[in-house]
Protein chains: 2
Amino acid sequence: MADVADRAGVSRALVSIVFRNQPGASQETRERVLRVAEEIGYRPDSAARLLARGRSRTLGVMFTVHQTFHTDLIEGIYPEAERLGYDVLLSAAAEGRSEAKAIEALLGHRCEALILLGPEADPAYLDALGQRAVTVSVSRRVPRARVDFVHSAESKGVRQAMDYLVELGHRRIVHIDGGRGPGSAERRRSYRAAMRRHGLEPEIRVIPGEHTEQSGIETGRLLLAERDRGLPLPTAVLAGNDRCAMGVLMALVRAGVEVPRDLSVVGYDDSHLSHVMPIGLTTVRQDAVLMAEHAVRFAVERLEDPQLQPREAVLDPKLVVRGTTGPPPQGAAG
Amino acid sequence: MADVADRAGVSRALVSIVFRNQPGASQETRERVLRVAEEIGYRPDSAARLLARGRSRTLGVMFTVHQTFHTDLIEGIYPEAERLGYDVLLSAAAEGRSEAKAIEALLGHRCEALILLGPEADPAYLDALGQRAVTVSVSRRVPRARVDFVHSAESKGVRQAMDYLVELGHRRIVHIDGGRGPGSAERRRSYRAAMRRHGLEPEIRVIPGEHTEQSGIETGRLLLAERDRGLPLPTAVLAGNDRCAMGVLMALVRAGVEVPRDLSVVGYDDSHLSHVMPIGLTTVRQDAVLMAEHAVRFAVERLEDPQLQPREAVLDPKLVVRGTTGPPPQGAAG
DNA sequence: GCGCTCTACTAGCGCGCTCTAGTGCGAGTA
DNA sequence: TACTCGCACTAGAGCGCGCTAGTAGAGCGC
């Protein structure tokens, strides 16, 4: 920067003004400074800038690797952040890299706000985060914590899916839940409520699971093993999310079960996955772009007005019927 | 930091020493400082740290959203970087966010080295980057640029896949290429070479495509349209990558084509996708973890010894046979 | 000529840390 | 006693910027 100032024959302060696009420099000088900078390959050092002005205008996004819905969200976060003049830093949680680690990295890089995609950390930790920095949780409700919250109305989504299945004639509908995964508790609750509402209380069955393919595969195998012991297969499976649904599909189809003839499968998320599978997955769509925009806006607005209380946005999901659902098999005492 | 120093009754310098885990402080003092820091929620500010020591010890990773193989790589990058004492920053390219933009963001955040996952930017740009910062390209060869390069031996992978298909009896094997995508040129070349080697030169057919599901779907539709006009379907498709293979599968299976009975499909990458599909995808495995480790090591070693010239690592891929391949249909004049 | 305002520009402090060159002190050695 | 040595610790400069307070000079009215 000093080099640029010298070569352009001005002070460092002027160079700073030019690079911040602030008033206080003549057009002529501006051009000269920019030209010189270009020549010697100068680019403002964001670490120093950030240190000097105290604000980083950077949003930190934590996501989980392989969670395809998260990449959908990320794609929506960038443009909205840019529109509002904020930078985005990504940090991934993965096997061997805990959410806490991923979040610490973001904080260490001076992110002013955190956008957590489907965090699974415990509420106390999230609340502590919320005290320290503006925090937005996407897809996971954190009851008494100081965090904004963006999600889709799980209950509506599940209800639509269940109504649709029941209307097709299904009765033996099982739900694979998502364990501690974001939204799981509400989906589970809504499943139970829907079963009861349709007079299917005795058929209620929640199989513990996770939001991973592996979990779906295991559940699929479990169901197959039961069948081999003479128990009937369910006629429909409501999975915790799309990945889990994929796993179920994989286990069942490989074992010769025909979907949707013998069994229907419904996912959740409408992640990228669901419409690129050979047989499109019937699923509940959450509008990733809209959710991303809300998350970014919540973060930014609260940064710019610290008085603001954390808010909650609930978006309406929509059932998307594709190829993995149909009427139950004739013989099923469904 | 000053607060911590005051409260612990030491100088700021000592606090610095403690947090850097450097010799020069007694065990007792260390504990006291750390305890105080914990109490008042102090965390070293990486912007300032970075500014002060001139080195950021941060690796910038650019990846493309939805490119599932990239998330496999990312998962491998983190532990290796941590082992070597480096931090990792992620930046995604996506629709509406060019690679250049993603890379600038990393540079702006003072990454010392860039690890580019399957970059598609033009070689001149990459070379310019290479001059400015240590740069490693993964999966994409950049001939005369000053960048390290990690990839798998495309020719070997393709050859294995082709030999396997031919051995099964396939002759009408088409290749959907990956356009400007990483590795595409070499895969295309190897496909042609393999066909010639097996005496199938007249059957050579390369359909232009991309590394996306959409491209696979379009190609699938193209093939179906040809069939409807009386032309024979190929008996096997070698896709540019797994995502493209998924797209082909989807288009064909939906149209009633049975895989692998009527047609075999081979992917490339062994990304997360390929083993979680209902019918596992036969594909060519690239060892993501190994590639990630090489990439990180190249970057770090070159950072620590600027004399070092850019290097190239070629890893052996391996054909993984799953459910989408089998002998060609009987009737096929294959 | 004076005072005023407005624009273009500069001096220099401070952001929170690292790092070099020290200081002070007790133990070991001649 | 005088000295060196090593250890625990400190003072203070400096990293590359942003920002506040200020100056110099032009233009204007009286």
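Keep in mind that this is a model prediction, so the values were computed, not measured. The sequence lines fix the lettering, A, B, ..., with proteins before strands; numbering per chain opens at 1.
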J.: Do A/F19 and A/V33 have side chains that approach each other closer than 4.5 Å (heavy atoms only, starting at C-beta)?
T.: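 SC-SC contact between A/F19 and A/V33 confirmed.
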
J.: Does some side-chain heavy atom of A/H151 sit less than 4.5 Å from a side-chain heavy atom of A/E186?
T.: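 The answer is yes; the side chains approach within 4.5 Å.
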
J.: Do the rings of B/H70 and B/F63 sit parallel, tilted or perpendicular, given the 30° and 60° boundaries?
T.: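 Perpendicular.
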
J.: Partner lookup for D/dG29, please. Criteria are Watson-Crick or G-U wobble with both distances under 3.5 angstrom; report none if nothing qualifies.
T.: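 Its partner is C/dC2.
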
J.: Of B/A52 and B/V10, whose closest DNA chain D nucleotide lies nearer the 5' terminus?
T.: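 Upstream on the strand: B/V10.
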
J.: Whole Å only: how far is the CD atom of A/Q22 from the P atom of C/dT10?
T.: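 Atom CD in A/Q22 sits about 16 Å away from atom P in C/dT10.
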
J.: Starting from the 5' end of DNA chain D, give me the residue, A/A48 or B/T29, whose nearest nucleotide shows up first.
T.: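 Of the two residues, B/T29 wins.
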
J.: When we call it a touch if two heavy atoms are under 4.0 Å apart, what does A/P23 touch: a base, just sugar-phosphate, or nothing?
T.: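 It contacts nothing in the nucleic acid.
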
J.: Could you tell me whether the phosphate oxygens of D/dG18, OP1 or OP2, come under 4.0 Å of any side-chain nitrogen or oxygen in A/S16?
T.: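 Yes, A/S16 has a side-chain N/O under 4.0 Å of OP1/OP2 on D/dG18.
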
J.: Are any of B/S26's side-chain N or O atoms less than 4.0 Å away from OP1 or OP2 of D/dC9?
T.: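 It does, given that an N or O in the side chain of B/S26 lies less than 4.0 Å from OP1 or OP2 of D/dC9.
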
J.: Can you measure from OH (B/Y42) to CG (B/L34) and round to the nearest 0.5 angstrom?
T.: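 One finds 10.5 Å between OH of B/Y42 and CG of B/L34.
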
J.: Under 4.0 Å: is that the gap between some side-chain N or O of B/R12 and OP1 or OP2 of D/dA11?
T.: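 Result: no.
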
